[in-house]
Number of protein chains: 2
Amino acid sequence: MVADLSQDRSRLGRSSTAELVADILRDRISEGFFRPGQRLSEESISEGLGVSRNTLREAFRLLGHERLLDHKLNRGVFVRLPSAEDVSDLYHVRRVLEGAAVRLAPPPEALAVIKEAVLDAERAAAEDDWQRVGTANIRFHQALVSLNGSPRIDEAMRQLLAELRLVFHVMENPRAFHEPFVDRNRTLLGLIESGPPERAAAYLDDYLDDAERLLIDAYAP
Amino acid sequence: MVADLSQDRSRLGRSSTAELVADILRDRISEGFFRPGQRLSEESISEGLGVSRNTLREAFRLLGHERLLDHKLNRGVFVRLPSAEDVSDLYHVRRVLEGAAVRLAPPPEALAVIKEAVLDAERAAAEDDWQRVGTANIRFHQALVSLNGSPRIDEAMRQLLAELRLVFHVMENPRAFHEPFVDRNRTLLGLIESGPPERAAAYLDDYLDDAERLLIDAYAP
DNA sequence: TCTTGTCGAATTGTTCAACGATTCCTATGT
DNA sequence: ACATAGGAATCGTTGAACAATTCGACAAGA
């Protein structure tokens, strides 16, 4: 009778001002409104958002732990500016997490989400909407990693992709970067559906190697 | 002349009161002084440590993001009490991270750290010091994962093991749990040094499957 | 007896003002 | 040009205050 409301329960506790502020700032950083390297003044932002400095500082801590902000003692918080080593490390983690995902037997309903992301990327590419291509590409890899079925890995991937977005924001033309991977996403999907896991894994490794190389070459922080 | 102090530099920036407080609380939780499920009162702890409530709250946020504390709105912070699903997920992540590590070509100097951990566990087991066996075992797996050479993965593993320690703190006799794995650590080390990576990976999978099963059976949160 | 409503104490959430400490910028002097 | 000494701006931390929320106890009603 008392249907399991234990799921909805998690939603209940999710609304302190500090977390709301963190959500807002995360979105702003993600969309590029705050640029990497930029300093975020406690005074101006707390005033702008209408929250106290203490509450804002709690939000800063949250985002600092997600590696989106860089907290320098007595100097303030800055939007993180990833180094080339950071990019390399991010791709190493991607190889581990995505590689583990494609080696698993994929549940059909999870495949549907991936397929939808591939389709959306293709549609957006046909319309020259490269902003949306990038978003769909991110959704593709997020869904890919979710094949692991692990909440912690999903969360780690979310943070990783948010950090990677910082890299894109300092590049001159991120669109050109995403273009070649629309087709490869579809190929990879096919290998996951039908091919042996090892082939998908090998293809993915090449995929990520190429992406990392392209990115690092074009990246001058 | 100015030897590379770039490593020590990371420690320099690490000294706000909030982070120090977080370090203290992390140690206390890790050693079991604060038990899982226990509520941490803002007033008593801030008074006990001689810091203001605001500073303490910043420390709480940090540990909350490490999944060591559970922040419930308007109810306070509690030492996290992992569920059986959490344990399962933690071991899934371990399989991914440690599995990726043993498939890589191991640099000799990293192997030395692993070997030292194995030896220490064996010595401690011979002396019936099961507390130290547990610590050495954790060091073993931390060193194992560090074969990835990824700072982010190292950090994730650190958090994962800290969370796993919470599980041990609610078990009746964690010592009995660690005992069978002293020998298996040595065997695994041998396979990493000499055997083909796939054999080490297979052995590791069995290892972690057994550990997870034993742990979940004995775990009643 | 069980449920429901209400009150009050205790704790958290948030804000505000203040002061010392640190960093950065600038002007001053050599 | 260079070093140095202020001074402004900002951060780090504190303490107090008040609103909001939770929780337990106790009384009223079915």
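Remember, it's a predicted structure, so these values are computed and weren't measured experimentally. Each chain gets a letter, A, B and so on, in the order its sequence line appears, and its residues count up from 1.
A/Arg158 pairs by the salt bridge (charged side-chain N to carboxylate O under 4.0 Å, His left out) definition with A/Glu155, not counting sequence neighbours. Listed by chain and residue number, A/Arg95 satisfy the side-chain hydrogen bond (donor to acceptor under 3.5 Å, both in side chains) test with A/Asp209 (two or more places apart in sequence, or in another chain). By the salt bridge (charged side-chain N to carboxylate O under 4.0 Å, His left out) test, A/Glu127 pairs with A/Arg132, sequence neighbours left out. Among residues two or more places apart in sequence or in another chain, the salt bridge (charged side-chain N to carboxylate O under 4.0 Å, His left out) test is passed with B/Glu31 by B/Arg28. Applying the side-chain hydrogen bond (donor to acceptor under 3.5 Å, both in side chains) rule to B/Glu109 yields no partners; only residues at least two apart in sequence or on another chain are considered. B/Asp210 meets the salt bridge (charged side-chain N to carboxylate O under 4.0 Å, His left out) test with B/Arg184, B/Arg213; sequence neighbours excluded. Residues forming a side-chain hydrogen bond (donor to acceptor under 3.5 Å, both in side chains) with B/His169 (at least two apart in sequence, or on another chain): none.
Across residues 55-68 of chain A, A/Arg57 each have a non-hydrogen atom less than 4.0 Å from an atom of DNA chain D (numbered order). The stretch residues 34-44 of chain A comes close to DNA chain D through A/Arg39, A/Ser41, A/Glu42, A/Glu43, each having a heavy atom under 4.0 Å from the strand.
OP1 or OP2 of D/dT10 has not a single side-chain nitrogen or oxygen of A/Arg75 nearer than 4.0 Å. Under 4.0 angstrom from either OP1 or OP2 of C/dG13 there lies at least one side-chain N or O belonging to B/His71.
One finds a salt bridge joining B/Arg123 and B/Glu116 here, because a Lys/Arg side-chain nitrogen approaches an Asp/Glu carboxylate oxygen to under 4.0 Å.
Identified under the ring-ring contact (aromatic ring centres under 6.0 Å, His included) test for residues 138-167 of chain A, with sequence neighbours left out: A/His141-A/Tyr207. Sorted by first and then second residue, the salt bridge (charged side-chain N to carboxylate O under 4.0 Å, His left out) pairs involving residues 159-170 of chain B (not counting sequence neighbours) are A/Arg152-B/Glu163, B/Arg80-B/Glu163.
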Taking only nitrogen or oxygen atoms into account, show me every contact under 3.5 Å that the protein makes with nucleotides 16-22 of chain C, one pair per line with its distance.
residue, atom, partner, partner atom, Å
C/dC16, N4, A/Asn54, ND2, 2.5

